[in-house]
Amino acid sequence: MQAETARSSAVSLSDIAGLTAKVRNLANLKVEQIQQITNRMRILALNAMIEAGRAGEAGRGFAIVAQEVRGVSGEVGGVATTLEAELAGEIKKLEVLTRLMAEQAQGSRLVDLALNAIELIDRNLYERTCDVRWWATDSAVVDCSADPALTRCDYAGERLGVILDAYTVYLDLWLCDMNGRVIANGRPNKYAVIGQDVSKESWFARGKGLRSGNDYVADDIATQPLLDNAPVATYVASVREGGRADGKPIGVLAVHFDWEPQAKAIVTGVRLSDSEKARSRIMLVDASHRIIASSDGLGILSEKVPVKTDGAAQGCYQDPQGSTVAFHATPGYETYKGLGWYGVIVQRAP
């Protein structure tokens, strides 16, 4: 079976039912023919018995009957041979259709599981966009951004630490001034980032240019040197005067989502049997097909998977090695539109 073309024509139960009916009709026809021939042979056999009871000149008639019986037997053999060949061909088609349908059903299931994985992460990351916009309006954060005096920076750091104690999915929260200098963070004893210049970070440049407090920046997964090179998903909102959405921008709040354990829980939690998991690789990949999470823990942020999406949001095909590849693009969630990521499952044949 070839990769893309094998699934271009849908196989349904009606296809199999139609072929099964054809096989049944063909078999009934051939059986009827055999029954007719059998009836003829019975008559001939009766005649043969009568002729055999006679002697002498009557033996010639028996010879004629015997010859006719041989002819009829040949016809029976021909019908049987034809029946075997025709039925074998139709049954082979039935087997192929059944196999294709089973493969399509499994492929559709894997696509659904890929969608489920990317949906779970979308919902999770949507919450991160809500968090950062909310915390950017905290009075301590706003006051520190307006006047970064030491006492205000310390208090803002305390407030960010309280948030981190409640929201354990974050590595750290950074409050930056408009020049890209970190002026407060939630875990100063663990990450000595105060005073660091992050103005070259893409998320800061984009966050500085946000149009209102209702907007946010969602950055792709990247390792952060200032957080011990941990892979993070960084979300940014602008801090505004008075905490108002339309206020003048006075700072940038960045929250660093602890990506690795959250993503690992999703790709390893996909609902596959143990035997299926043993021959499957479940992944999340970014828009460039770079692996950002993988059930086997390999290739994260370093390997690209050549998924043949052909511009489709979802699909399933077989790769050259005979493995089934199922994928589904991020559908987004609420106001979070996603970053073009995919859920991908590569499953080897059993």
> For residues 148-160, which side-chain donor-acceptor pairs fall under 3.5 Å, sequence neighbours excluded?
unit_1 : atom_1 : unit_2 : atom_2 : d
R152   : NH1    : D143   : O      : 3.2
R159   : NE     : D138   : OD2    : 3.3
R159   : NH2    : D138   : OD2    : 2.7

> Quick one: does D286's side chain get under 4.5 Å of L339's, heavy atoms only?
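Contact flag for D286/L339 side chains = no.
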> Determine whether V305 and M283 make a side-chain contact, defined as any pair of heavy atoms from C-beta on separated by less than 4.5 Å.
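Side-chain contact under 4.5 Å: yes.
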> Considering residues at least two apart in sequence or located in another chain, which fulfil the salt bridge (Lys or Arg N to Asp or Glu O under 4.0 Å) criterion with R181?
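Testing R181 for salt bridge (Lys or Arg N to Asp or Glu O under 4.0 Å), a comparison that skips the adjacent residues, returns D177.
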> Minimum heavy-atom separation for A114 to V344, with atom names?
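Minimum heavy-atom separation between A114 and V344: CB-N, 4.3 Å.
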> With no hydrogens and no angle check, just 3.5 Å: does a side-chain donor-acceptor pair link D220 and W341?
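Looking only at side-chain atoms, W341 and D220 do form a donor-acceptor pair, the distance falling under 3.5 Å.
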> Backbone N or O of K308 within a donor-acceptor pair of the Y317 side chain at under 3.5 Å?
yes
> Taking C-beta and beyond as the side chain, do P225 and L227 meet within less than 4.5 Å on heavy atoms?
no
> Which heavy atom of I118 sits nearest to which heavy atom of A329, and what is that distance?
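Between these two residues, the closest heavy atoms are CG2-O, 3.9 Å.
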> Looking only at heavy atoms, what is the nearest atom pair of V346 and S323, with distance?
CG1-CB, 4.0 Å
> Compare all side-chain heavy atoms of H289 with those of T309 and state whether any distance is below 4.5 angstrom.
yes
> Quick one, Q224 and L171 - any side-chain contact, counting heavy atoms below 4.5 Å?
no
> I'd like to check the salt bridge (Lys or Arg N to Asp or Glu O under 4.0 Å) partners of E201; sequence neighbours left out, ordered by chain and number.
none
> Take atom NZ of K264 as the centre, draw a 6.0 Å sphere, and report whether it contains more than 12 heavy atoms from other residues, nucleotides or ligands.
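No, because the 6.0 Å sphere around NZ of K264 holds 12 heavy atoms or fewer from other groups.
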> Are any of the side-chain nitrogens in R281 or D296 under 4.0 Å away from the carboxylate oxygens of its partner?
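A salt bridge links R281 with D296.
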> On a heavy-atom basis, which atom in V198 and which in C176 lie closest, and how many Å separate them?
CG2-SG, 3.9 Å
> Rounded at 0.5 Å granularity, tell me how far OG in S199 sits from CG in N179.
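Reported to 0.5 Å precision, the distance equals 8.0 Å.
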> Without swapping roles, check the side chain of K248 against the backbone of R240 for a donor-acceptor pair under 3.5 Å.
no
> Treating Ile, Leu, Val, Met, Phe, Trp and Tyr as nodes and any side-chain heavy-atom pair under 4.5 angstrom as an edge, say whether I291 and L301 lie in one connected cluster.
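In one cluster: yes.
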> About how many Å separate CG of L113 and CD of E276, when rounded to the nearest 0.5 Å?
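Rounded to the nearest 0.5 Å, the CD-CG separation comes to 8.0 Å.
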> Is there a chain of hydrophobic side chains (I, L, V, M, F, W, Y, each step under 4.5 Å between heavy atoms) that links W203 to Y235?
no
> Just wondering, are more than 12 heavy atoms of other shown residues or ligands nearer than 6.0 Å to CD in E241?
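Atom CD in E241 is crowded, with more than 12 foreign heavy atoms closer than 6.0 Å.
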> CG of D228 to OG1 of T223: how many Å apart, nearest 0.5 Å?
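Separation between the atoms: 11.5 Å.
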> side-chain contact (heavy atoms from CB on, under 4.5 Å) between V169 and Q262: does it pass, once the steps are laid out?
CA-CA 8 Å; V169 296; Q262 319 306 326; 3.9 Å; yes
> Between V270 and L110, is there shared hydrophobic-cluster membership here, with clusters defined by ILVMFWY side-chain heavy atoms closer than 4.5 Å?
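Same hydrophobic cluster.
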> Using a 4.5 Å cut-off on heavy atoms from C-beta on, say whether the side chain of S238 contacts that of K208.
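Not in contact.
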> Would you mind checking if D131 and R128 are paired as a salt bridge, meaning a charged N to carboxylate O distance below 4.0 Å?
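Salt bridge: yes.
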> For the atom pair CD (E260) and CD1 (I221), what is the distance rounded to the nearest 0.5 Å?
11.0 Å
> For side-chain contact (heavy atoms from CB on, under 4.5 Å), just list the numbers for L175 and S145, CA-CA rounded to whole Å, side-chain angles, deciding distance to a tenth of an Å, and then say yes or no.
CA-CA 8 Å; L175 177 58; S145 297; 3.4 Å; yes
> Find the distance between CD1 (I266) and OG (S295) and round it off to the nearest 0.5 Å.
13.0 Å
> Is the side chain of R279 donor-acceptor paired with the backbone N or O of R348 at a distance under 3.5 Å, no angle test?
yes
> Going by atom types only, do D122 and T330 share a side-chain donor-acceptor pair under 3.5 Å?
yes
> Run the salt-bridge test on R244 and D246 with the 4.0 Å N-O cut-off and return the result as yes or no.
yes
> Once you measure the plane-to-plane angle for F257 and W259, does it fall in the parallel (<30°), tilted (30-60°) or perpendicular (>60°) bin?
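Rings of F257 and W259: perpendicular, as their planes differ by over 60°.
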> Any idea which heavy atoms bring G243 and T137 closest together, and the distance?
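Closest pair (atom of G243, atom of T137, distance): O-CG2, 3.7 Å.
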> So, the side chain of N214 versus the backbone of A245: is there a donor-acceptor pair under 3.5 Å, distance only?
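No, because the side chain of N214 does not come within donor-acceptor range (under 3.5 Å) of the backbone of A245.
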> Counting only heavy atoms from other residues, nucleotides and ligands, does the tally under 6.0 Å from CZ of R271 exceed 12?
no
> Taking 4.0 angstrom as the limit, do R133 and E127 come out as a salt bridge?
no
> Would you compute the distance between atom CH2 of W174 and atom OG1 of T234 and round it to the nearest 0.5 angstrom?
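Between atom CH2 of W174 and atom OG1 of T234 there are 7.5 Å.
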> Establish whether Y126 and L284 are linked, either directly or via other cluster members, by ILVMFWY side-chain heavy-atom contacts under 4.5 Å.
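Yes, one cluster joins them.
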> Determine, using ring centers only, whether Y170 and H256 are less than 6.0 Å apart.
no
> What do the steps show when you test W135 against I163 for side-chain contact (heavy atoms from CB on, under 4.5 Å), and what is the final call?
CA-CA 9 Å; W135 297 335; I163 292 172; 3.3 Å; yes
> Might you point out which heavy atoms bring V267 and A293 nearest each other, and give the distance in Å?
CG1-CB, 4.0 Å
> Y333 and L115: same hydrophobic cluster, using ILVMFWY side-chain contacts below 4.5 Å?
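Result: yes, single cluster for both.
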> For V285 and I292: C-alpha separation, side-chain torsions, deciding distance, then whether side-chain contact (heavy atoms from CB on, under 4.5 Å) applies.
CA-CA 5 Å; V285 304; I292 54 178; 5.6 Å; no
> Using a 4.5 Å cut-off on heavy atoms from C-beta on, say whether the side chain of F204 contacts that of V236.
no
> Is there side-chain contact between L210 and P249, with heavy atoms separated by less than 4.5 Å?
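Answer no - side chains too far apart.
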> Tell me if a side-chain donor or acceptor on K277 pairs with a main-chain N or O of T268 at a distance below 3.5 Å.
yes
